[in-house]
Amino acid sequence: MEDLYNYMIWGDYNKRMEELANLAIPEKWSFGECNDYSILKNYLKYTFLKLRRENKIIETEKYCLFNTGLFTEFYEPIYIYGEVSPIEEPDSTDYKFKGFYTEYELGSNGIAEYPERADYFSDPSLLVFDWHCRINIQYRHILEDEDNKSRLPENVLNSDRPLEMLKGVIDTSIKRVMANYKLAVPHCFKNQIQLLLPLCFGKTDEPDLALVLTKMPGGYYQGHTCLTMEMAYNNARLIAKPESNWLVP
């Protein structure tokens with residue numbers, strides 16, 4: 001699918017992201033001390049693709065309109081509005097960005113139809129950890145797949161018994177989430193809702209990785225991969241700002 005960046009003419013895209021961040025309810029949109037709005041850019045990119053799949057982008061002969069899923073500090077939905085570009089404009093796409101608008105502002109321009117947000121809640125049960133379900137872990141993939149292996153902490157990679165260390169950390173994480181189901185954070189990857197569990201390999205409760213659990217139709221979870229904290233946060237933020245104290249930007 002066409003990505004958001006190429007969908008319309010944005011002008012200074014970084015400036016647009018700054019404007020949106022300032023308009024929306026305040027939250028941290030960059031990792032660490034950076035100020036590149038990487039979380040917001042990732043959020044908009046995949047929200048746009050999901051809206052495409054759900055046919056929730058309004059496109060007319062004059063304009064396009066879609067719901068960012070974000071809100072102003074007055075809890076007004078924020079929409080992205082673009083107008084059809086003049087044909088003579090060089091290297092133009094179909095639309096040119098005009099602004100981030102609320103429903104009141106759109107109504108003032110004679111627009112009465114407002115598209116819905118992206119929907120991640122067709123099956124709310126996937127958003128909550130079910131301790132009744134068995135959990136199967138594919139340890140071989142986590143320890144031997146090059147992508148997964150590169151994410152593991154040094155103390156695991158340098159251990160004489162990495163499997164035992166990994167199993168111990170995962171078992172502890174599962175017990176923690178069974179005691180407090182809110183520790184499991186839902187995220188979206190490739191249009192699929194999964195759960196994230198914190199994996200702490202150090203002496204503190206600060207997680208190093210997030211274990212991904214996929215709930216299967218037979219009523220059990222499959223765990224086959226781990227994500228870095230940045231990857232986990234980006235995926236979780238697609239659904240909502242994570243409220244868990246272990247998954248922060």
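Residue numbers start at 1 and run along the sequence shown.
Rounded to the nearest 0.5 angstrom, Leu211 CG and Ile174 CD1 are separated by 7.0 Å. A distance of 14.5 Å separates OH in Tyr46 from CG in Leu51, rounded to the nearest 0.5 Å. Between Leu70 atom CG and Glu76 atom CD the span is 13.0 Å, to the nearest 0.5 Å. Here the straight-line distance linking atom OG of Ser173 with atom CG of Leu199 works out to 5.0 Å at 0.5 Å rounding. Annotation: the span from Tyr37 atom OH to Trp29 atom CH2 amounts to 11.5 Å, rounded to 0.5 Å. Atom-to-atom distance recorded for Tyr233:OH and Ile39:CD1 is 5.5 Å, nearest 0.5 angstrom.
With hydrogens and angles left out, the side-chain atoms of Asn67 and Lys56 include no donor and acceptor closer than 3.5 Å. Side chains of Glu83 and Tyr81: a donor-acceptor N/O pair is present below 3.5 angstrom, by distance only. Using modelled atom types, one finds no donor on one side chain facing an acceptor on the other under 3.5 Å when comparing Arg237 with Asn235. For the residue pair Gln222/Thr214, the side-chain donor-acceptor check at 3.5 Å is not satisfied.
The cluster map of Ile, Leu, Val, Met, Phe, Trp and Tyr, joined by side-chain heavy atoms under 4.5 Å apart, puts Val185 and Leu126 in the same cluster. When hydrophobic clusters are built by joining Ile, Leu, Val, Met, Phe, Trp and Tyr residues whose side-chain heavy atoms come closer than 4.5 Å, directly or via intermediates, Trp131 is grouped together with Ile170. At a threshold of 4.5 Å between side-chain heavy atoms, the hydrophobic network of Ile, Leu, Val, Met, Phe, Trp and Tyr places Leu106 and Leu23 in two separate groups. Both Leu209 and Leu157 are members of a single hydrophobic cluster when ILVMFWY side chains are connected at heavy-atom separations under 4.5 Å. Under the 4.5 Å side-chain contact rule for hydrophobic residues, Leu40 and Phe97 share a cluster.
Contact record, His224 with Asn148: O-OD1, 4.2 Å, taken as the closest heavy-atom pair. Considering all non-hydrogen atoms of both residues, Glu103 and Pro77 come closest at OE2-CG, 3.9 Å. Shown here for Arg151 and Thr228, the closest heavy-atom pair between the two residues is CG-CG2, 3.8 Å. What you find for Ile142 and Leu152 is that their closest heavy atoms are O-CD1, 3.8 Å. Between Pro115 and Glu113, the shortest heavy-atom distance links the atoms CD-O, 4.0 Å.
A heavy-atom distance below 4.5 Å is not found between the side chains of Leu163 and Met165. Side-chain contact between Tyr120 and Ile193: present, with at least one pair of heavy atoms (C-beta onward) separated by less than 4.5 Å. Side-chain atoms of Val156 and Pro153, non-hydrogen and from C-beta on, do get closer than 4.5 Å to each other. Side chains of Tyr7 and Ile57 form a contact here, defined as non-hydrogen atoms less than 4.5 Å apart. In this structure, the side chains of Leu20 and Leu44 come closer than 4.5 Å at one or more pairs of heavy atoms. Side-chain atoms of Tyr220 and Ile135, non-hydrogen and from C-beta on, never get closer than 4.5 Å to each other. Val212 places a side-chain heavy atom less than 4.5 Å from the side chain of Leu227. Side-chain atoms of Pro207 and Met229, non-hydrogen and from C-beta on, do get closer than 4.5 Å to each other.
No donor-acceptor pair under 3.5 Å is formed between the side chain of Asn234 and the backbone N or O of Asn42. Judged by distance alone, the side chain of Ser30 and the main-chain N or O of Asp36 form a donor-acceptor pair under 3.5 Å. Distance alone, capped at 3.5 Å, is enough to place a donor-acceptor pair between the Glu54 side chain and the Asp119 backbone. A donor-acceptor pair under 3.5 Å links the side-chain atoms of Arg16 to the main chain of Trp10, judged by distance alone. The main-chain N or O of Asn14 is found under 3.5 Å from a side-chain atom of Asp12 such that the two form a donor-acceptor pair. Side-chain atoms of Thr68 come within 3.5 Å of backbone atoms of Ile78 as a donor-acceptor pair (strictly under, hydrogens ignored). The backbone N or O of Leu183 sits nowhere less than 3.5 Å from a side-chain atom of Arg176 that would complete a donor-acceptor pair. Side-chain atoms of Asp208 come within 3.5 Å of backbone atoms of Phe201 as a donor-acceptor pair (strictly under, hydrogens ignored).
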Which is it for Leu65 and Tyr101 under the side chain to side chain contact (heavy atoms under 4.5 Å, CB included) test, yes or no, and what are the steps along the way? CA-CA 10 Å; Leu65 180 68; Tyr101 293 159; 6.0 Å; no
Applying ring pair (Phe, Tyr, Trp, His ring centres under 6.0 Å) to Tyr63 and Tyr95, what does each step give before you reach the verdict? CA-CA 7 Å; Tyr63 66 86; Tyr95 300 102; 8.7 Å; no
Go through it in stages, so that I can follow the logic: the residues are Ile58 and Tyr114, the test is side chain to side chain contact (heavy atoms under 4.5 Å, CB included), and I'd like the CA-CA distance, side-chain angles, deciding distance and then a yes or no. CA-CA 8 Å; Ile58 294 177; Tyr114 314 123; over 6 Å; no
Verdict with supporting geometry, Glu61 and Val84, side chain to side chain contact (heavy atoms under 4.5 Å, CB included): CA-CA 7 Å; Glu61 294 180 353; Val84 174; 5.8 Å; no
Show your reasoning for whether side chain to side chain contact (heavy atoms under 4.5 Å, CB included) applies to Ile137 and Lys167. CA-CA 9 Å; Ile137 305 296; Lys167 281 188 173 181; over 6 Å; no
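When ring centroids are compared, Tyr221 and Phe129 come within the 6.0 Å threshold.
Partners of Thr204 under the side chain to side chain donor-acceptor pair (under 3.5 Å) rule, at least two apart in sequence or in another chain, do not exist in this structure. Remark: Glu164 engages Arg161 in a side chain to side chain donor-acceptor pair (under 3.5 Å) (not counting sequence neighbours). Every residue was checked against the side chain to side chain donor-acceptor pair (under 3.5 Å) condition with Glu18, not counting sequence neighbours, and none meets it. Every side chain to side chain donor-acceptor pair (under 3.5 Å) that Asp123 has, sequence neighbours left out, goes to Ser125.
Counting heavy atoms of neighbouring residues, nucleotides and ligands inside a 6.0 Å radius, atom OH of Tyr13 exceeds 12 of them. Other residues, nucleotides and ligands contribute only 12 or fewer heavy atoms inside 6.0 Å of the CD atom of Glu206. Atom NZ of Lys182 has 12 or fewer neighbouring heavy atoms from other residues, nucleotides or ligands inside a 6.0 Å radius. Other residues, nucleotides and ligands contribute only 12 or fewer heavy atoms inside 6.0 Å of the CD atom of Glu116.
Of the candidates Phe100, Tyr79, Phe48, Phe48 is the only one forming a ring pair (Phe, Tyr, Trp, His ring centres under 6.0 Å) with Phe66.
Geometrically, Lys41 does not engage Tyr5 in a cation-pi contact, judged by NZ or CZ lying under 6.0 Å from the ring centre and within 45° of the ring axis.
When hydrophobic side chains of Ile, Leu, Val, Met, Phe, Trp and Tyr are connected at separations under 4.5 Å, Tyr75 ends up clustered with Ile25, Phe71.
Taking the charged nitrogens against the carboxylate oxygens, Lys215 and Asp130 do have a contact shorter than 4.0 Å, which makes a salt bridge. The pair Lys98-Glu105 fails the salt-bridge criterion, with no side-chain N (NZ, NE, NH1 or NH2) lying under 4.0 Å from an Asp/Glu carboxylate O.
Legend: ring pair (Phe, Tyr, Trp, His ring centres under 6.0 Å) pairs involving residues 154-194, not counting sequence neighbours: none detected.
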